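Not measured: the values here are computed from a predicted model.
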Amino acid sequence: MTNFLEELPKHLQEIAERVNIRTPEAILTTPQVKFLDTRLRPLNTCVHSCTPEDVRILKEAAAKWLAETPASADSLFRPPASLKWSRLTFGCAALDRCSGGGIVTRGITEICGISGAGKTQLLLQLSLGVQLPTRLGGLGKGVAFICTEDIFPSRRLLQISKAFEARYPEEKLNLLGNIFIEHQYESQPLLDCVNNRLPQLLQEHSIGLIIIDSVAAIFRLYTDFAARARDMRRMVNALLTYADKHHCAVVCTNQMTASLKQDDQQSSQDVPCLGIQWANLGRTRMRISKVPKQHKVADDLLTVRKLEIIYSPETPNAFAEFLITADGIVDVPQPGPKKLKIVK
């Protein structure tokens, strides 16, 4: 595959080599934001040496190379790179820009936040967005939704689904018919569900998103931490197997707990539950919080929320603000230009 880079213009070769990406498969599966991240460049280079148009041309060249290259027999049994590394849209432009395109279909994505921050609201929107076709940012598949805390918010889902149907009237989707819900409130039934019942569902239906809301509700009750670590690994290993085999995204929510700050015995800070045992099992961690400001939409005064990328192997740390409305997760409206008043 080294011939691939040799056939590119010199400036495109430099873009690929700067981020240490040398194969067409890797170029197709790498998010645009990684090419544009200025932190990867030496200080003596031009900051704007790579543009979104350059990335588009580079990806098109990689796609053309793969299309014209004869395929080997073993490659027929491997999923296409674009499918294995596809992303699931949040249905909110600000969150998609922040995350580099949405939830990646690889590894475990954790969404943490305090109670009432909006974690479940975001999961409901993802449950609808995954059913959209790929050209609209979805995966064209259904959802396996496992609740471990409260009863599934079916009325709220119905409310958001009507807004989705109005937004995409030409798609003719059975949004509520492709969400499969399970309630488990103890660790062993949850593990049995993940290890035995979930594989059957994946075989019988096309599932593009697996949700557990939340992991803390189950595993924070353990008193034997060795057993907790073992059971969390068992569950995560099974979920990673399903994600790799069925090319689906896996999202788990997590609660927050208070922890004393270092060198300060008086004040505390909120940190995700389950400590380092759980943190090492996930691939991406996002945090949702409330921002101390409000925005008026119609007659409602809504609290602004923030989604922050805590860590991710391919997305830089960033954040985006959003609102939770009756129609779901939306961007914070930007104020329009002020009109100048002409005094005669």
Next item on the list: For residues L307 and F322, report the shortest heavy-atom separation together with the two atoms involved.
Entry: N-CE2, 3.8 Å
Next item on the list: Quick one: list whatever passes salt bridge (Lys or Arg N to Asp or Glu O under 4.0 Å) with D231, sequence neighbours left out.
Entry: R234
Check: Can R167 be said to sit on top of F164's aromatic six-ring, NZ or CZ under 6.0 Å from centre and within 45° of the ring axis?
Finding: yes
Notebook entry, point to check: Does a donor on one side chain and an acceptor on the other come within less than 3.5 Å for E182 and Q184?
Noted result: yes
Listed pairs under 3.5 Å, donor-acceptor, residues 124-134 side chains, sequence neighbours left out:
from: Q125; atom 1: OE1; to: I329; atom 2: N; distance (Å): 2.7
from: Q125; atom 1: NE2; to: F90; atom 2: O; distance (Å): 3.1
from: Q125; atom 1: NE2; to: G91; atom 2: O; distance (Å): 3.3
from: Q125; atom 1: NE2; to: I329; atom 2: O; distance (Å): 3.0
from: S127; atom 1: OG; to: L123; atom 2: O; distance (Å): 2.8
from: Q131; atom 1: OE1; to: N178; atom 2: ND2; distance (Å): 3.1
from: Q131; atom 1: NE2; to: S127; atom 2: O; distance (Å): 3.0
from: Q131; atom 1: NE2; to: L175; atom 2: O; distance (Å): 2.9

Check: Between F180 and F145, does the ring centroid distance fall short of 6.0 Å?
Finding: no
Check: So does E321 pair up with K306, basic N to acidic O under 4.0 Å?
Finding: no
Next item on the list: With the side chain counted from C-beta on, respond yes when L239 and V194 share a heavy-atom pair under 4.5 Å apart, and no when they do not.
Entry: yes
Note to self: Hydrogens and angles aside, do Q200 and R197 bring a side-chain donor and acceptor to less than 3.5 Å of each other?
What the structure shows: no
Notebook entry, point to check: Only one of V251, L95, T315, I309 forms a side chain to side chain contact (heavy atoms under 4.5 Å, CB included) with M286, so which one is it?
Noted result: I309
Check: Going only through I, L, V, M, F, W and Y residues with side-chain contacts under 4.5 Å, is there a path from L201 to L240?
Finding: yes
Check: When clusters are formed by joining ILVMFWY residues with side-chain heavy atoms under 4.5 Å apart, either directly or through shared neighbours, do L281 and Y242 land in the same one?
Finding: yes
Next item on the list: Measure the spacing between CZ of R283 and CD of E110 and express it to the nearest 0.5 Å.
Entry: 14.5 Å
Next item on the list: Dump the intermediate steps for side-chain contact (heavy atoms from CB on, under 4.5 Å) on S289 and R305, then the final yes or no.
Entry: CA-CA 6 Å; S289 59; R305 321 288 175 120; over 6 Å; no
Next item on the list: To the nearest 0.5 angstrom, please state how far the CE atom of M232 sits from the CG atom of N280.
Entry: 9.5 Å
Note to self: Looking only at side-chain N and O atoms, does E149 offer a donor or acceptor that is under 3.5 Å from a partner on S214?
What the structure shows: yes
Notebook entry, point to check: Looking at OG of S99 and CD of E308, how far apart are the two atoms once the value is rounded to the nearest 0.5 Å?
Noted result: 13.5 Å
Next item on the list: Give, for atom CD1 of I151 and atom CD1 of I181, the distance between the pair rounded to the nearest 0.5 Å.
Entry: 10.5 Å
Next item on the list: Ignoring hydrogens and angles, state whether a donor on the side chain of D213 or T253 is under 3.5 Å from an acceptor on the partner side chain.
Entry: yes
Next item on the list: Check the side chains of Q277 and R233 for a donor-acceptor pair under 3.5 angstrom, ignoring hydrogens and angles.
Entry: no
Next item on the list: Kindly give the heavy-atom pair with the smallest separation between G101 and R87, and that separation in Å.
Entry: O-CB, 3.8 Å
Notebook entry, point to check: So, are R135 and E171 salt-bridged, with charged N and O less than 4.0 Å apart?
Noted result: yes
Check: What heavy-atom pair brings L198 and A144 nearest, and what distance separates the two atoms?
Finding: CD1-CB, 3.8 Å
Check: Is atom CD of E60 surrounded by more than 12 heavy atoms (other residues, nucleotides or ligands) closer than 6.0 Å?
Finding: yes
Margin query: Show, in sequence, the C-alpha distance, side-chain angles and deciding distance for D331 and L323, and conclude whether the side-chain contact (heavy atoms from CB on, under 4.5 Å) test is met.
Written below: CA-CA 6 Å; D331 289 0; L323 297 174; over 6 Å; no
Margin query: Hydrophobic clusters here meaning ILVMFWY residues chained together by side-chain heavy-atom distances under 4.5 Å, can you tell me if L176 and L139 are in one?
Written below: yes
Next item on the list: Check whether the side chains of T284 and Y311 place a donor and an acceptor atom closer than 3.5 Å, and report yes or no.
Entry: no
